[in-house]
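In what follows, every heavy atom counts, from backbone to side chain, and hydrogens, waters and symmetry copies are set aside. Keep in mind that what you see is a predicted model, and the values were worked out from it rather than measured.
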Amino acid sequence: MKLSVLGATGQSGQFLVSQALQQGHEVTALVRNVNKLTIQHKNLKVVEANIFSAEQLSGHFQGQDAVISCLGFPYKIFSAISGYTDSMEAIVAAMRLAKVNRVITMTSWYTSPESGQNSPLMVRFLLLPLIRSVLTNMNQMENYLEKECSDLSWTVVRPPGLQNVPATDKEILTHEGYFVPDPNGYPVTNSVARGDVARFMLSLLSSNEWLKKGVAMCTN
């Protein structure tokens with residue numbers, strides 16, 4: 001497939017680009033700084049683009065089969081952030097202009113405010129309040145896709161805490177919700193390999209199972 005990848009210079013994005021190239025896809029990486037992506041491959045095209053400009057993005061989306069976003073934005077303790085919604089609104093507008101239908105993006109477990117009630121104490125009372133600005137904007141982006149993008153084949157992938165390690169051969173567990181529960185309703189884990197998140201996101205290109213849905217994932 002021909003894939004446009006946003007967030008390709010990030011830790012998750014680099015795993016995704018590498019795996020996509022290994023699988024034989026043609027990748028266009030849209031980045032803010034072309035020098036930050038050190039991967040080189042005959043099927044990789046790296047272009048500088050403003051991720052908040054639908055006009056800029058649409059030209060690069062022409063002829064692509066799918067758009068994958070691994071964009072991440074830092075949390076702010078005392079103010080809101082809007083990078084997730086701002087970028088997705090530009091991506092969606094560009095996709096419509098370029099007539100691209102498929103988009104896969106990543107957020108996180110616990111984006112819904114009430115979904116962390118069964119999480120471990122450290123997560124619930126320390127981590128979630130710290131990154132609430134990120135989770136809130138992720139949730140806003142998820143709601144935007146659900147309510148405003150019925151014409152697109154979108155999927156939101158929700159992983160737990162991210163470990164900066166390559167893909168494993170572990171079984172991927174999924175759940176339609178805001179975390180993957182064990183039989184007692186508690187989260188089965190706190191973390192997943194970034195490489196496994198990339199592996200799952202790429203697997204969605206050949207599956208219709210999670211179209212127009214948010215899916216929590218982790219590994220067994």
Side-chain angles (χ1 to χ4, degrees), residues 3-20 27-39 46-53 56-57 60 66-92 94-95 103-113 115-116 123 126-145 154-167 178-179 190-202 204 214-218:
L3 309 176
S4 285
V5 179
L6 296 99
T9 58
Q11 293 174 318
S12 298
Q14 291 187 55
F15 282 117
L16 188 135
V17 168
S18 295
Q19 289 181 33
V27 177
T28 299
L30 294 95
V31 300
R32 281 167 285 194
N33 182 351
V34 294
N35 296 319
K36 285 186 70 176
L37 191 61
T38 56
I39 303 167
V46 184
V47 295
E48 193 172 302
N50 179 355
I51 58 173
F52 303 113
S53 168
Q56 279 196 31
L57 294 177
H60 298 300
V67 175
I68 302 179
S69 175
C70 299
L71 290 169
F73 299 91
Y75 67 86
K76 295 179 181 178
I77 298 177
F78 299 114
S79 61
I81 66 169
S82 62
Y84 292 96
T85 43
D86 291 345
S87 61
M88 186 53 67
E89 287 173 6
I91 290 166
V92 165
M95 288 175 63
V103 59
I104 299 166
T105 188
M106 63 184 291
T107 58
S108 174
W109 283 15
Y110 311 128
T111 53
S112 173
S115 58
V123 172
L126 190 63
L127 178 61
L128 296 187
L130 184 66
I131 63 169
R132 180 48 61 191
S133 62
V134 167
L135 295 174
T136 295
N137 194 223
M138 285 177 167
N139 189 234
Q140 291 166 341
M141 181 183 75
E142 293 170 347
N143 291 336
Y144 166 73
L145 287 168
W154 56 268
T155 302
V156 171
V157 174
R158 300 180 179 122
L162 298 167
Q163 297 178 321
N164 196 31
V165 293
Y178 295 95
F179 64 95
N190 292 319
S191 62
V192 68
R194 289 184 189 270
D196 285 330
V197 180
R199 173 165 67 101
F200 178 64
M201 292 178 79
L202 288 168
L204 295 172
V215 52
M217 61 79 62
C218 63

Check whether any side-chain heavy atom of [X] lies under 4.5 Å from a side-chain heavy atom of [Y], and answer yes or no.
| X | Y | result |
| --- | --- | --- |
| Ser4 | Thr28 | yes |
| Ser12 | Val197 | no |
| Leu135 | Ser108 | yes |
| Phe200 | Val192 | no |
| Ile91 | Thr105 | no |

Are any side-chain N or O atoms of Gln56 and backbone N or O atoms of Asn50, one a donor and one an acceptor, separated by less than 3.5 Å? yes
Is there a donor-acceptor pair closer than 3.5 Å between any side-chain N or O of Gln19 and the backbone N or O of Gly195? yes
Looking only at non-hydrogen atoms, find the nearest pair between [X] and [Y] and report the distance.
| X | Y | answer |
| --- | --- | --- |
| Leu57 | Ala94 | CB-CB, 3.6 Å |
| Ser115 | Tyr178 | CB-CB, 3.5 Å |
| Ala90 | Ser53 | CB-N, 4.0 Å |
| Val17 | Ala8 | CG2-CB, 3.8 Å |

Using atom types as modelled, flag every donor-acceptor pair under 3.5 Å from a side chain in residues 74-86 to any protein atom, sequence neighbours excluded.
residue	atom	partner	partner atom	Å
Ser82	OG	Asp86	OD2	2.7
Tyr84	OH	Phe73	N	3.1
Thr85	OG1	Ser82	O	3.1
Thr85	OG1	Asn137	ND2	3.0

When the side chains of residues 29-37 are checked against the rest of the protein, which donor-acceptor pairs come out under 3.5 Å, sequence neighbours left out?
residue	atom	partner	partner atom	Å
Asn33	OD1	Asn35	N	3.0

Among all residues two or more places apart in sequence or in another chain, which pass the ring-ring contact (aromatic ring centres under 6.0 Å, His included) test with Phe15? none
By ring-ring contact (aromatic ring centres under 6.0 Å, His included), Phe179 pairs with (sequence neighbours left out) Tyr110
How long is the straight-line distance from [atom2] of [Y] back to [atom1] of [X], given to the nearest 0.5 Å?
| X | Y | atom1 | atom2 | result |
| --- | --- | --- | --- | --- |
| Leu204 | Ile104 | CG | CD1 | 5.0 Å |
| Asn143 | Met138 | CG | CE | 13.5 Å |
| Leu71 | Ser87 | CG | OG | 5.0 Å |

Verdict with reasoning, Gln11 to Leu162, per side-chain contact (heavy atoms from CB on, under 4.5 Å): CA-CA 10 Å; Gln11 293 174 318; Leu162 298 167; over 6 Å; no
Stepwise side-chain contact (heavy atoms from CB on, under 4.5 Å) test for Val92 and Tyr144: CA-CA 10 Å; Val92 165; Tyr144 166 73; 3.5 Å; yes
Listed partners of Ala20 passing side-chain contact (heavy atoms from CB on, under 4.5 Å), at least two apart: Leu3, His25, Val27, Leu202
Under the salt bridge (charged side-chain N to carboxylate O under 4.0 Å, His left out) rule, collect the residues that match up with Glu142, sequence neighbours excluded. Arg158
Taking only residues at least two apart or on different chains, which pairs with a member in residues 191-202 satisfy salt bridge (Lys or Arg N to Asp or Glu O under 4.0 Å)? Asp196-Arg199
Please enumerate all residues that pass side chain to side chain donor-acceptor pair (under 3.5 Å) together with Thr155, with sequence neighbours excluded. Arg102
